[in-house]
Chemist: 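Below is the structure I would like to discuss, written out as structure tokens.
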Protein chains: 2
Amino acid sequence: MSDRRTQILDAAATLISERGFTSTSVDDVIKGAKLSGKSHFYHYFKSKEELGYEVLNRQFERFAERGLAILREPMIDPLERLNLFIDAVVALQSESGGRHGSPFGNLAAELADAHEGFRVRIEAVFERWASQIRSLLWEARPQLHDDVDAVRLSRFIIASLEGAVLMTRVKRDLSVLEGIAADLKRFIAMHVRDGTVMQLHRNLEDAGSSPHGIARSMSVPSMAG
Amino acid sequence: MSDRRTQILDAAATLISERGFTSTSVDDVIKGAKLSGKSHFYHYFKSKEELGYEVLNRQFERFAERGLAILREPMIDPLERLNLFIDAVVALQSESGGRHGSPFGNLAAELADAHEGFRVRIEAVFERWASQIRSLLWEARPQLHDDVDAVRLSRFIIASLEGAVLMTRVKRDLSVLEGIAADLKRFIAMHVRDGTVMQLHRNLEDAGSSPHGIARSMSVPSMAG
DNA sequence: TGCGCATAGGACCGTACGGTCCTAATATCT
DNA sequence: AGATATTAGGACCGTACGGTCCTATGCGCA
């Protein structure tokens, strides 16, 4: 596609993640993308709404490449992939110092009620995200308890990450996300069958802040045998 | 205070939770509160921003009365109080069919980056919320593992609830929140010392959707008993 | 009666917004 | 050289916004 288009998309993505969709004017986008005037912009996009949709698309693609892709790595143990994915979410947030939050969560909170077009597109984003996690859980099924509900667990993972990113943004403190990410890993580990020991990366072991290595308790609840 | 003021506050709260702060005009609020004109509104509030702050205050007070109050009930076991609180969050969302999400999360996503005044106020809301959970966890400390980090656990609870409420709004499906609430209870139960059996209300037992009563596995990690 | 105050209603202002339209300059291809 | 599309730049329009100001009506109270 035209170079200009992606230039506009990039500028818009930045502005929208900083100020939200409603508070980003097309004049701002024009300035950010260094276009010559309004007509130049409307040559590439038929409306601001249309621009918003494409920005959302691009941001999901970006997230799919840099985040979700990890969930499909064929050479790594599925449950370890899940941990790596959580780390990737933390890493992506770190790039902006956690200041901009999730592009999906932000748009969702801003527009889910008021704008049906955005709502269904964001719903689709969450659904595709959830479905990637579900297939990973399906793949990991031999290692998991029989009663693990993949639909629910995938939702829980997404919700806690989205909530964590939001709190991180409000508190301007990345350690909020880091702590929740570590706890989320423990929650996932809770679903692993007895006897299965999860592989952990060296650099993940100290993800927690508690002194006596919470990570060790990751080898599952207990019972049965 | 004047009846009119609360009338305005109520109308504004509704509109803001439906459309967000930016997309709610003071003319809309005037119409909603059936005021006679702009000057009438500006007689009670010096600016739209000021109105927003007071709406946020009121909404936190409401939440404190109807939600957080449960965390302080003196006659109930602390960990059971925590479960009841989670149920209360679900119940509060059910009132609107989950359509409006969290007033704090919504404002946070919309304004945390752009408007420092709102950001610090929302941060304070989360902090007060977290501190209530922390004191409850302190009270429950004899029942909890030694290595439970109250700061982290309280953040995790808030984040997963906020994320759940957001997803519920996007999917327009209350069962998303219900499932996450049930999973969150299981996560909390994971921190309870072996040998301690959590009391559960009858009406909480089937909070999950999985056929083989996940609720039963709430009796903590394991054995004992 | 007269004072102060909450209600009422509307004109007005400056600014910003999304979007359209029109005209030049520049580059590309025939 | 001439026709064609892309870039550039700006004037313009209707609407909506937050906010101010001014006037007039009803009200209780000294």
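Excluded from the calculations below are hydrogen atoms, water molecules and symmetry mates; all remaining heavy atoms, backbone and side chain alike, are included. Letters A, B, ... mirror the listed sequences (proteins, then strands); counts begin at 1.
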Chemist: Taking salt bridge (charged side-chain N to carboxylate O under 4.0 Å, His left out) as the definition, give me every residue that meets it alongside A:R66, ordered by chain and number, with sequence neighbours left out.
Modeler: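 So A:R66 forms a salt bridge (charged side-chain N to carboxylate O under 4.0 Å, His left out) with A:E95.
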
Chemist: Starting from C1' on C:dA6, measure out to CG on B:L35 and report it in whole angstrom.
Modeler: 12 Å

Chemist: Listed by chain and number, what are the salt bridge (charged side-chain N to carboxylate O under 4.0 Å, His left out) partners of A:E65, not counting sequence neighbours?
Modeler: none

Chemist: Going 5' to 3' along DNA chain D, between which two nucleotides do contacts with chain A fall, using a heavy-atom cut-off of 4.0 Å?
Modeler: D:dT7 to D:dG10

Chemist: Looking at A:D27 and A:K38, is any side-chain nitrogen of the basic one under 4.0 Å from a carboxylate oxygen of the acidic one?
Modeler: yes

Chemist: Go through the structure and list residues passing salt bridge (charged side-chain N to carboxylate O under 4.0 Å, His left out) with A:R72, not counting sequence neighbours.
Modeler: none

Chemist: Are A:E54 and A:R58 close enough for a salt bridge, meaning some N to O gap below 4.0 Å?
Modeler: no

Chemist: Measuring from A:R152:CZ to A:R134:CZ, what's the distance to the nearest 0.5 Å?
Modeler: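 Result: 14.5 Å between the selected atoms.
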
Chemist: Would you kindly compare B:H43 and A:H40 by the position of their nearest DNA chain C nucleotide and give the one closer to the 5′ end?
Modeler: B:H43

Chemist: Specify the separation, in whole Å, of atom CZ of B:R4 and atom C1' of C:dT7.
Modeler: 7 Å

Chemist: If I take atom CG in residue B:D3 and atom C1' in nucleotide C:dT7, what distance separates them, rounded to the nearest angstrom?
Modeler: 14 Å

Chemist: Okay, side chain of B:S23, backbone of B:G20: is any donor-acceptor separation there less than 3.5 Å?
Modeler: no

Chemist: Residues two or more places apart in sequence or in another chain: which of them pass salt bridge (charged side-chain N to carboxylate O under 4.0 Å, His left out) with A:E139?
Modeler: A:R81

Chemist: Checking A:R99 now: which residues fulfil side-chain contact (heavy atoms from CB on, under 4.5 Å) with it, not counting sequence neighbours?
Modeler: A:R172, B:D113

Chemist: Counting only non-hydrogen atoms, which of residues 46-55 of chain A are less than 4.0 Å from DNA chain C?
Modeler: A:S47, A:K48

Chemist: Indicate yes or no: does A:E80 engage A:K185 in a salt bridge with an N to O separation below 4.0 Å.
Modeler: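 No.
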
Chemist: Could you check which residues of residues 18-34 of chain A get a heavy atom under 4.0 Å from DNA chain D? Sort them by number, please.
Modeler: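 Hits under 4.0 Å, by residue number: none.
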
Chemist: Name each donor-acceptor pair under 3.5 Å that joins a side chain in residues 157-164 of chain B to protein atoms two or more places apart or in another chain, with its distance.
Modeler:
from   : atom 1 : to     : atom 2 : distance (Å)
B:S160 : OG     : B:F156 : O      : 3.0
B:S160 : OG     : B:I157 : O      : 3.2
B:E162 : OE1    : B:S102 : OG     : 3.1
B:E162 : OE2    : B:S102 : OG     : 2.8

Chemist: Here's one to test your reading of the geometry: is the NZ or CZ of B:R5 within 45 degrees of the ring axis of B:F45 and under 6.0 Å from its centre?
Modeler: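 Positive - B:R5 is close enough to the ring of B:F45 and near enough to its axis.
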
Chemist: What does the list of N/O pairs under 3.5 Å between the protein and nucleotides 26-28 of chain C look like, with a distance for each?
Modeler:
none

Chemist: Taking ring pair (Phe, Tyr, Trp, His ring centres under 6.0 Å) as the test, write out the residues that go with A:F118, two or more places apart.
Modeler: A:F21, A:Y53, A:H115

Chemist: Going from CZ on A:R19 to CD on A:E110, what distance comes out if it is rounded to the nearest 0.5 angstrom?
Modeler: 12.5 Å

Chemist: Using the side chain to side chain donor-acceptor pair (under 3.5 Å) rule, take B:R169 and B:N106 through it: C-alpha gap first, then chi angles, then the decisive distance, then the call.
Modeler: CA-CA 11 Å; B:R169 192 156 81 111; B:N106 291 348; 3.3 Å; yes

Chemist: To the nearest 10°, give me the bend of the helix from C:dT1-D:dA30 to C:dT30-D:dA1, comparing the axes of its five terminal pairs at either end.
Modeler: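 Roughly 0° between the end axes, to the nearest 10°.
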
